[in-house]
Amino acid sequence: MAVTRASTTIRRTPIKPPGTAAQGFGQTSRTDTWAVAPTVVALGFGAFILYSLFSAFLWGPLFGVAYEVDGYLSPFFSPLIGAEILPWWFSPAILILWIPLGFRTTCYYYRKAYYRSYFADPPACAVGEPRAHRRYAMEAAFPFILQNLHRIFLYLAFIPLFFLWLDAFLALRPEGAWRLGLGNVILFVNVALLSGYSLSCHSLRHLVGGRLDCFSCSARTRTRYSLWQRLTGLNANHMAWAWSSLISVALADLYIRLLAAGLFNDPSIRL
């Protein structure tokens, strides 16, 4: 008697489920202006990306505008590495910007934001997405599997953050004399917002309070619970931290660049 063995097909990567929204890009029963939010996000991200690329790679080499002036260092170049030995066309920003870029690109909030704005995945809640997304293997295949490196980028992000705090304090005493200028205020506001963004990270919140079955069983777990509560308060406004810090870092760089170009003087009190 012949025995036949049923064949089975094993899918190596998961396929995105269709969901309950109407199929087809933009198909929805929503009557509100749902397209406004992803459009604004797309324009905001696009403006920041274009400006940061211009500042990091073109402003200095093409127009001769410095990234450091009067004790103020642009946050795009902090910590400043190899500036004296690198060729003129190689921006020192390349050596450091990959860390905040990786941190923000893999950030849970930013992923939701740019998935909607640039990939229409989905464009908004209860709104249909392109039918081509049926072949999307989610974050189990390259390149989106790299999103799982977010926690590594979280650890790395505290390195430039430390130097940004150091730069802000060092800028208070350039050339051995105390100075409190508008640039100092901008640098401190910027690093405070960047700290809020980093400390409100979902991964940091889970790192501090996750994988615990009991918050009150020991002094150690009670301490972790207390820290977790504080980070949860920050995490509740993670989107606001993300946008405010994105804007502040661009404005800090712009202020220093325009100051270096000689367009105005830094209002300051010198002691």
Heavy-atom neighbours of D32 CG exceed 12 at 6.0 Å
yes

Ignoring hydrogens and geometry, is there a side-chain-to-backbone donor-acceptor pair from R224 to G210 under 3.5 Å?
yes

Below 6.0 angstrom between ring centroids: does that apply to W243 and F45?
yes

Do L234 and L194 land in one hydrophobic cluster if side-chain heavy atoms of ILVMFWY residues count as linked below 4.5 Å?
yes

Report, one line per pair, each donor and acceptor closer than 3.5 Å where one atom sits in a side chain of residues 158-176; sequence neighbours left out.
from: W165; atom 1: NE1; to: S195; atom 2: OG; distance (Å): 2.9
from: D167; atom 1: OD2; to: S78; atom 2: OG; distance (Å): 2.3
from: R173; atom 1: NH2; to: G176; atom 2: O; distance (Å): 3.1

Can you run down the side chain to side chain donor-acceptor pair (under 3.5 Å) pairs that involve residues 35-54, sequence neighbours left out, and say none if there aren't any?
Y51-D253

M239 and V249: same hydrophobic cluster, using ILVMFWY side-chain contacts below 4.5 Å?
yes

Using only heavy-atom distances, determine whether the side chains of R151 and H206 contain a donor-acceptor pair under 3.5 Å.
yes

Can a cation-pi geometry be assigned to R104 and Y114, taking NZ or CZ under 6.0 Å from the six-membered ring centre and within 45° of the ring axis?
no

Parallel, tilted or perpendicular, judged at 30° and 60°: which one describes the rings of F153 and W98?
perpendicular

Which pairs count as salt bridge (charged side-chain N to carboxylate O under 4.0 Å, His left out) when at least one residue sits in residues 41-66, sequence neighbours excluded?
none

Is any side-chain heavy atom of T105 closer than 4.5 Å to one of Y110?
no

If we only count heavy atoms from C-beta on, is the F103 to C201 side-chain gap below 4.5 Å?
yes

ILVMFWY network linking L182 to L73, side-chain heavy atoms under 4.5 angstrom:
yes

Hydrophobic clusters here meaning ILVMFWY residues chained together by side-chain heavy-atom distances under 4.5 Å, can you tell me if Y197 and L149 are in one?
yes

Counting heavy atoms not belonging to R30, are there more than 12 under 6.0 Å from its CZ?
yes

Residue pairs passing the disulfide (SG to SG under 2.5 Å) test with at least one member in residues 209-260, sequence neighbours excluded, are C214-C217

Using ring-ring contact (aromatic ring centres under 6.0 Å, His included) as the criterion, list what pairs up with F142, not counting sequence neighbours.
none

Within a radius of less than 6.0 Å around CG of L62, do more than 12 heavy atoms belonging to other residues, nucleotides or ligands occur?
yes

Pairwise distance CD1(I152) to CD1(I99) - rounded to 0.5 angstrom
12.0 Å

Could you tell me whether the side chains of R222 and S226 share a donor-acceptor contact shorter than 3.5 Å?
no

Does any part of the side chain of F76, heavy atoms only, come nearer than 4.5 Å to the side chain of W59, both counted from C-beta?
no

Contact between L204 and L199 at the side-chain level, heavy atoms closer than 4.5 Å - yes or no?
yes

In terms of hydrophobic clusters joined by side-chain contacts under 4.5 Å, are V65 and F264 together?
yes

Is it true that W228 and F215 have ring centroids separated by less than 6.0 Å?
yes

Side chains of L58 and L53 in contact at under 4.5 Å (non-hydrogen atoms)
no

In chain order, what residues pass the salt bridge (charged side-chain N to carboxylate O under 4.0 Å, His left out) check against R116, with sequence neighbours excluded?
none

I'd like to check I186 versus L251 (side-chain heavy atoms, cut-off strictly below 4.5 Å). Are they in contact?
no

Return the orientation label for the Y255 and Y72 ring planes: parallel under 30°, perpendicular over 60°, tilted otherwise.
perpendicular

Considering only heavy atoms from C-beta outward, does the side chain of P123 approach that of W34 to under 4.5 Å?
yes

Taking the side chain as everything from C-beta on, heavy atoms only, tell me whether D266 gets closer than 4.5 Å to V69.
no

